[in-house]
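Take a look at the structure set out below.
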Amino acid sequence: MEQLGKKATWTRRLGLILCLALLLGLLVFESSCGLLQRQPRRSRPGRAPQPPPEESRVQEISLLVQEGPDSSGVSKVQLVPLWPNNDTYKEAAEGPVKYKVLRQRGLIASRQLPSALIIGVKKGGTRALLEFMRLHPDIRAAGSEVHFFDHHYSKGFHWYRHRMPATLEGQITMEKTPSYFVTAEAPRRVQLMEPGTKLIVVVRDPVTRAISDYTQVKSKRLGMPRFEELAFLNGSSVVDTSWAPLRIGVYAKHLERWLNYFPLSQLLFVSGERLIADPALEIRRVQDFLGLKRLISEKHFYFNATKGFPCLLKSEERATPHCLGKNKGRSHPFIEPTAIQRLRDFYRPFNRRFYQLTGIDFGWP
Ligand SMILES: Nc1ncnc2c1ncn2[C@@H]1O[C@H](COP(=O)(O)OS(=O)(=O)O)[C@@H](OP(=O)(O)O)[C@H]1O
C-alpha cells in the first residue's frame, strides 16, 4: 500500500514536470516565430500621429553596392543623422528658426543704425529733447552721446550699430551728439551711412548758448578767465570767433555745410527757447517730422518752479515726476550788458541768414 502511494506521488510529479517543459517549449517556439510580437500602438484618437523616435530614422546603406577597397567584412553601416532633423541644422546655422521668423516679422528686437539724429547744437536743449522723445513707445535712443561721426568714425558702422539699443520693427533708433552740427566731416559721413537720415537741430539764441557753454566749462575748471576776457580779442571790442563757444553760434555757416549733403526737408529745427516755454508744442513738431503718432502731449509735463524748467511726470527710466540733472539748467554768471550787446550785433547778420536758410524766424534779439 505504501509502495503504491509513493508511485502515485512520483507519477504526479513527473506529469507536472512534463507540463512545465511543454509550456516552456511552446513559449520559445512562439517568440521565435513572432506569434507573440506586439501590435504597433494605436495612436490616441484626436492626436496627430507622433513622428517616429529618432533612433528609428537611422538609415542603412549596404556597403556591397558601393565601390571601394573596403574588405573589412562589414556588410552594412548605419548613417546616424548629425542633426536630429533639418530644422535643428537651420537653427545651428542661422539661429533658431522660430526666432528667424519672429525677427522677419519684426517681433524680436535687434540693433539698427539710427534713422534719426539730434545733431546739435551744444547747449541748445538736446538732452531735454531726447529725454522727452524717449517717452514715445516708437523711439529707442542711445542713452549717452556716441560721438561716432566726429571721434569714433574709424571704428566703423558695426561698432556704431552696437552702441544702439535694440528696436522692434517700426521703432525709430535715435542718437544725440551735439558736436555733429559743427563737425566738418559729419554731413558727408552721415550721408554715407544713409542719405535718408532725419536730422534734428535744437537751436537757441547764440549769445545765451555761448554763455551756457562757458558756464559748463567754468564749472569744471578752476581759475577760468571771465567770459568778457575770452569773448573779445585783447580787451578790444573785436569778437574772437576762434573761441569755440562763439564759433558754434554762427549757425548759418554750419548749416550751409549740411545743406550741401541733405535737402532742407530732411532737417527739423527745434527752438530751444520754446522747448522750455512749451515743450509739448515742440515735441508735437518732432513727432510729426518723424512720422510718429502724437502720443506725447501736455499731460506728460509739469513746470517745476524750483528748477525753473519743465520736468517729466514719468519717463522711460522712472515712473515718478523728475527733472533733468543738476548740470541742465545751471544759473549763468553775470555778463557785462555791453559785452552782450556787442555779441548780439555780431550775430545779427548770421542769424538773419539762418532764418533765410531755414524759413523760420526764431526771434532772437
Ligand atoms: N526741461 C529742461 N530742463 C533743464 N534744462 C533744459 C530743459 N529744456 C531745455 N533746457 C536747456 O538745456 C540746456 C542744456 O542743453 P544741452 O542738453 O543741449 O547741453 S549739452 O550740449 O548736452 O551739454 C540747458 O542750458 P543751461 O540752462 O545753460 O544749463 C537748459 O537751458
Side-chain angles (χ1 to χ4, degrees), residues 116-136 141-151 174-183 186 199-221 224 227 230-231 244-249 251 254 268-286 296-318 320-335 340 343 362 364:
L117 293 172
I118 299 175
I119 56 173
V121 299
K122 187 182 175 196
K123 306 317 290 179
T126 54
R127 174 55 60 189
L129 177 64
L130 191 73
E131 291 312 307
F132 297 168
M133 285 310 294
R134 286 171 95 180
L135 288 172
H136 201 291
S144 53
E145 294 176 9
V146 183
H147 283 278
F148 175 66
F149 294 106
D150 52 353
H151 300 337
M174 274 185 94
E175 188 244 317
K176 85 112 178 161
T177 301
S179 47
Y180 292 162
F181 188 62
V182 298
T183 300
L199 309 167
I200 301 169
V201 197
V202 192
V203 285
R204 178 184 188 185
D205 170 13
V207 180
T208 31
R209 197 221 68 81
I211 299 169
S212 169
D213 204 341
Y214 166 81
T215 310
Q216 172 165 292
V217 182
K218 191 174 152 63
S219 73
K220 294 178 189 162
R221 202 184 301 164
M224 183 84 172
F227 179 88
L230 297 164
L246 294 184
R247 202 178 55 242
I248 293 172
Y251 302 147
H254 305 298
L268 179 78
F269 301 92
V270 172
S271 157
E273 286 84 11
R274 215 160 53 176
L275 193 62
I276 296 169
D278 190 351
L281 182 75
E282 286 305 280
I283 295 297
R284 193 163 69 217
R285 291 181 62 233
V286 181
I296 312 171
S297 63
E298 291 79 7
K299 66 174 192 283
H300 291 96
F301 305 99
Y302 75 99
F303 185 80
N304 185 306
T306 317
K307 175 98 178 159
F309 284 91
C311 296
L312 290 168
L313 286 167
K314 61 176 182 162
S315 68
E316 200 180 54
E317 268 95 33
R318 271 181 284 166
T320 49
H322 61 280
C323 301
L324 297 192
K326 282 202 301 284
N327 56 352
K328 304 291 171 187
R330 293 187 180 100
S331 43
H332 295 174
F334 173 80
I335 310 291
I340 291 186
L343 288 176
F362 287 90
W364 297 318

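For ligands, and for the atoms within them, numbers begin at 1 and follow the listed sequence.
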Worksheet item: What are the two closest non-hydrogen atoms of His300 and Leu135, and how far apart are they?
Response: CB-CD1, 3.7 Å
Discussion item. For atom 30 (C) of ligand 1, what is the closest protein heavy atom, and at what distance to 0.1 Å?
Written reply: Phe309 CE2, 3.8 Å
Discussion item. Show me which atoms of ligand 1 lie under 4.0 Å from any heavy atom of Glu145.
Written reply: 22 (O)
Worksheet item: Nearest to atom 21 (O) of ligand 1, what protein heavy atom do you find, and at what distance?
Response: Lys123 N, 2.9 Å
Worksheet item: Which atoms of ligand 1 sit under 4.0 Å from any heavy atom of His332?
Response: 26 (P), 27 (O), 28 (O)
Discussion item. Taking Arg318's backbone N and O only, do any of them form a donor-acceptor pair with Ser315's side chain (distance below 3.5 Å, no angle check)?
Written reply: yes
Response to the item:
ligand 1 atoms nearer than 4.0 angstrom to some heavy atom of Ser212 are 25 (O), 26 (P), 28 (O)
Item to complete: Using a 4.5 Å cut-off on heavy atoms from C-beta on, say whether the side chain of Leu268 contacts that of Leu199.
Response: no
Worksheet item: Of the backbone atoms (N, CA, C, O) and the side-chain heavy atoms from C-beta on, which set of Leu324 has a member under 4.0 Å from an atom of ligand 1: side chain, backbone, both, or neither?
Response: side chain
Practice prompt. Measure the distance from atom 8 (N) of ligand 1 to every protein heavy atom, then report the residue, atom name and distance (to 0.1 Å) of the closest one.
Written response: Ala128 CB, 3.4 Å
Worksheet entry | Closest approach of any protein heavy atom to atom 15 (O) of ligand 1, naming residue and atom | Gly125 N, 3.1 Å
Worksheet entry | Leu275 heavy atom under 4.0 Å from ligand 1 | no
Worksheet item: Between Glu273 (side chain) and Asp205 (backbone), is there a donor-acceptor pair under 3.5 Å?
Response: yes
Worksheet item: Does a donor on one side chain and an acceptor on the other come within less than 3.5 Å for Glu175 and Tyr180?
Response: yes
Practice prompt. Pick whichever of Leu129, Ile276, Ile211, Thr126 has a heavy atom sitting closest to atom 16 (P) of ligand 1.
Written response: Thr126
Practice prompt. Please report which non-hydrogen protein atom sits nearest to atom 19 (O) of ligand 1, along with the residue it belongs to and the distance in Å to one decimal place.
Written response: Lys328 NZ, 3.2 Å
Worksheet entry | Pro178, any N or O under 3.5 Å of ligand 1 N or O | no
Worksheet item: So is there a nitrogen or oxygen of Lys122 less than 3.5 Å from a nitrogen or oxygen in ligand 1?
Response: no
Discussion item. Below 4.0 Å from ligand 1: does a non-hydrogen atom of Pro310 turn up there or not?
Written reply: yes
Fill in: Element-labelled atoms of ligand 1 that are located less than 4.0 Å from some non-hydrogen atom of Lys176
22 (O)
Worksheet item: Between Thr208 and His332, what is the shortest heavy-atom contact and its length?
Response: O-CE1, 4.1 Å
Item to complete: Using a 4.0 Å heavy-atom threshold (strictly under), name the region of Phe132 that reaches ligand 1: side chain, backbone, both or neither.
Response: side chain
Worksheet, complete the sentence: Among Arg127, Arg330, Arg204, the residue with a heavy atom nearest to atom 25 (O) of ligand 1 is Arg204
Worksheet entry | Distance-only N or O hit between ligand 1 and Gly329, under 3.5 Å | yes
Discussion item. Measuring from non-hydrogen atoms of Thr215 to any atom of ligand 1, is the shortest distance under 4.0 Å?
Written reply: no
